[in-house]
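Position 1 is the first residue of the sequence; numbering continues from there.
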Amino acid sequence: MASLVQEVRNKQVVLKNYVVGFPKESDMEIRDSKITLKLPEDSNDSTSILLKNLYLSCDPYMRSRMSKHDRPTYVESFTPGTPITGYGVSKVLESRHPKYQKGDLVWGFTGWEEYTLITSSQQAQMFFKIEHKDVPLSYYTGILGMPGMTAYAGFYEVGVPKEGERVFVSAASGAVGQLVGQFAKLAGCYVVGSAGSKDKVDLLKNKFEFDEAFNYKEEEDLDAALKRCFPEGIDIYFENVGGKMLDAVLVNMRLHGRIPVCGLISQYNLVEPEGVHNLYCLISKRIRMEGFLVADYYHLYQKYLEMILPHIKEGKVSYVEDVAEGLESAPSALLGLFSGKNVGKQLVVIARE
């Protein structure tokens, strides 16, 4: 007699249609589906994994995936009518993959749903097994996950800091920026951050120990604000914003400065992106401006853990999270990134194991 297999509800966040301009919560919906908590019998490819999702990561790059693109991009658009996907922390319920066992905790690319079935080796390769469990599991959506690796790779590998250099970080209180600023201090640099509220500025100076910070919304002249903070110019600009901020930074860069380009969040919801007017500074000041993708640096993940875990445990690096409870809160949590509602790393709790 065949054993009974449990079928349960699987709540999902689904993109209804492609988005033009600023996204709305109504562009997404919460949908109930069903899933059997057992790997399909016909799945004999030795790679299938059944996951229970615990934490979801809200990240700015996801905005691009909500739109349809006429040209190839580094990450595919979401498919309307199907669950959104992104980084998250999950528990393995069943596995045929040799790398993962039942009960393992992993972080990687999963569905915005309660349970996700991984059926391809390519999908399975996008997970990291969590070995260090003496820190909050939620940290694997942030400081110990993709944003942490982004900050590490962008600052150290692309920015190549030297002790005593002057570092500017835009969107500095976010998931990546808060770490870049602290890495800069660890490297013996002078660091200034910009953010969008007084509370965030206070957080940068008092919690993360930036040397200085300013609220860009209160600055009538960004060039003047940067000259006030960097009278001798900027050596490294960790770029998260683009637009007017980038233009102001370019004229304040020092000779042979570096600009690791992590993101351009000011441009993501514009139908027509803003132009940049001061690119000639790249030539006259011999600036190296380089875009990067964190996926190109995941081979350094173990090296990063060896660096960051002792700093966390010794209290040398702090991390602030903005936690939304329940899958129903995921759409508003994601959209809050684009209006600056989040303070620190935005994540969504689905279940705590």
| Have Asn252 and Lys227 got a donor and an acceptor in their side chains that come within less than 3.5 Å? |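 Yes, side-chain donor-acceptor contact under 3.5 Å.
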
| said: Within the 3.5 Å criterion, strictly below it, is a donor on Ser197 or Asp199 matched to an acceptor on the partner's side chain? | reply: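 Ser197 vs Asp199: no donor-acceptor pair found between side chains.
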
With a 4.5 Å cut-off on side-chain heavy atoms, are [Y] and [X] touching?
| X | Y | answer |
| --- | --- | --- |
| Ile350 | Lys52 | no |
| Lys102 | Ser95 | no |
| Pro23 | Asn269 | yes |
| Val13 | Pro331 | yes |
| Met28 | Met66 | yes |
| Leu50 | Ile35 | yes |
| Pro161 | Ile236 | yes |
| Leu203 | Phe208 | yes |

Sub-3.5 Å donor-acceptor pair from the side chain of [X] to the main-chain atoms of [Y], do we have one?
| X | Y | value |
| --- | --- | --- |
| Tyr100 | Phe127 | yes |
| Ser170 | Ser194 | no |
| Arg166 | Pro231 | no |
| Lys200 | Ala172 | no |
| Asn53 | Gly111 | yes |
| Tyr298 | Val294 | no |
| Asp235 | Val167 | no |
| Arg288 | His256 | no |

Search all heavy atoms of [X] against all heavy atoms of [Y] and return the closest pair with its distance.
| X | Y | value |
| --- | --- | --- |
| Lys345 | Pro147 | NZ-CG, 4.1 Å |
| Ser77 | Ser67 | OG-O, 2.6 Å |
| Ser173 | Gln178 | O-NE2, 3.9 Å |
| Leu337 | Ile265 | O-CD1, 3.8 Å |
| Gly159 | Arg258 | O-NE, 2.9 Å |
| Val251 | Lys285 | O-NZ, 2.8 Å |

To the nearest 0.5 Å, tell me how far [X] [atom1] sits from [Y] [atom2].
| X | Y | atom1 | atom2 | answer |
| --- | --- | --- | --- | --- |
| Lys303 | Leu305 | NZ | CG | 12.5 Å |
| Ile143 | Leu309 | CD1 | CG | 8.5 Å |
| Gln346 | Asp59 | CD | CG | 10.0 Å |
| Ser90 | Ile130 | OG | CD1 | 8.5 Å |

| message | Looking at Glu274, I'd like to know if its CD atom is crowded, meaning that more than 12 non-hydrogen atoms belonging to other residues, nucleotides or ligands lie closer than 6.0 Å. | response |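 Check passes, neighbour count above 12.
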
| message | Counting only heavy atoms not in Glu157 (residues, nucleotides, ligands), do more than 12 fall under 6.0 Å from its CD? | response |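 Yes, because the 6.0 Å sphere around CD of Glu157 holds more than 12 heavy atoms from other groups.
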
Starting from [Y], can I reach [X] by hopping between I/L/V/M/F/W/Y residues whose side chains sit under 4.5 Å apart?
| X | Y | result |
| --- | --- | --- |
| Ile234 | Val160 | no |
| Leu54 | Leu37 | no |
| Val241 | Met253 | yes |
| Val14 | Val348 | no |
| Val320 | Val317 | yes |

| Which residues satisfy the ring pair (Phe, Tyr, Trp, His ring centres under 6.0 Å) test with Tyr237, sequence neighbours excluded? |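 Applying ring pair (Phe, Tyr, Trp, His ring centres under 6.0 Å) to Tyr237 gives Phe168.
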
| request: Kindly write out the residues that satisfy ring pair (Phe, Tyr, Trp, His ring centres under 6.0 Å) with Tyr301, not counting sequence neighbours, or none if the list is empty. | output: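 Scan of Tyr301 (ring pair (Phe, Tyr, Trp, His ring centres under 6.0 Å), adjacent residues dropped) gives Trp107, Phe128.
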
| said: Per the salt bridge (charged side-chain N to carboxylate O under 4.0 Å, His left out) rule, what does the pair list look like for residues 137-146, sequence neighbours excluded? | reply: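 Residue pairs with at least one partner in residues 137-146: there are none.
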
| request: Any chance you could lay out the side-chain contact (heavy atoms from CB on, under 4.5 Å) test for Ser266 and Met245, step after step, and finish with the verdict? | output: CA-CA 9 Å; Ser266 72; Met245 183 66 80; over 6 Å; no

| query | Would Leu144 and Ile312 count as a side-chain contact (heavy atoms from CB on, under 4.5 Å) if you check the C-alpha gap in whole Å, the side-chain angles of each, and the deciding distance to 0.1 Å? | reply | CA-CA 10 Å; Leu144 297 178; Ile312 293 172; 3.8 Å; yes

| query | Stepwise, does the salt bridge (Lys or Arg N to Asp or Glu O under 4.0 Å) test hold for Lys11 with Glu328? | reply | CA-CA 9 Å; Lys11 194 178 296 182; Glu328 296 87 351; 2.3 Å; yes

| request: Step by step, work out the side-chain contact (heavy atoms from CB on, under 4.5 Å) result for Tyr319 and Gln182. | output: CA-CA 10 Å; Tyr319 201 63; Gln182 292 179 87; 5.6 Å; no

Looking at [Y] and [X], is any side-chain nitrogen of the basic one under 4.0 Å from a carboxylate oxygen of the acidic one?
| X | Y | result |
| --- | --- | --- |
| Lys244 | Asp223 | no |
| Arg352 | Glu325 | yes |
| Glu212 | Lys205 | yes |
| Lys313 | Asp134 | yes |
| Lys16 | Asp27 | no |

| request: Name all pairs fulfilling the ring pair (Phe, Tyr, Trp, His ring centres under 6.0 Å) condition that reach into residues 53-86, sequence neighbours left out, sorted by first residue then second. | output: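 Qualifying pairs: none.
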
| Pairs meeting criterion ring pair (Phe, Tyr, Trp, His ring centres under 6.0 Å) with involvement of residues 178-205, two or more places apart |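 Found Tyr156-Phe183, Tyr190-Phe230.
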
| message | Among Val92, Val106, Leu39, Ile49, which residue satisfies the side chain to side chain contact (heavy atoms under 4.5 Å, CB included) criterion with Ile118? | response |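 Among Val92, Val106, Leu39, Ile49, the one that satisfies the side chain to side chain contact (heavy atoms under 4.5 Å, CB included) with Ile118 is Ile49.
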
| task | Going by the side chain to side chain contact (heavy atoms under 4.5 Å, CB included) test, name the single residue among Val180, Val169, Val176, Leu186 that passes it with Phe155. | result |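 By the side chain to side chain contact (heavy atoms under 4.5 Å, CB included) criterion, Phe155 pairs with just one of Val180, Val169, Val176, Leu186: Val180.
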
| request: Would you sort out whether Phe214 and Leu226 count as a side-chain contact (heavy atoms from CB on, under 4.5 Å), showing the intermediate values? | output: CA-CA 9 Å; Phe214 64 88; Leu226 292 171; 4.1 Å; yes

| Partners passing side chain to side chain contact (heavy atoms under 4.5 Å, CB included) against Val276 (at least two apart in sequence or in another chain) |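 Partners of Val276 by the side chain to side chain contact (heavy atoms under 4.5 Å, CB included) criterion, ordered by chain and then number, come out as Leu246, Asp247, Leu250, Leu279.
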
| request: May I ask you to check whether Phe109 and Tyr87 place their ring centres under 6.0 Å from each other? | output: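 Here the rings of Phe109 and Tyr87 have centres that are less than 6.0 Å from each other.
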
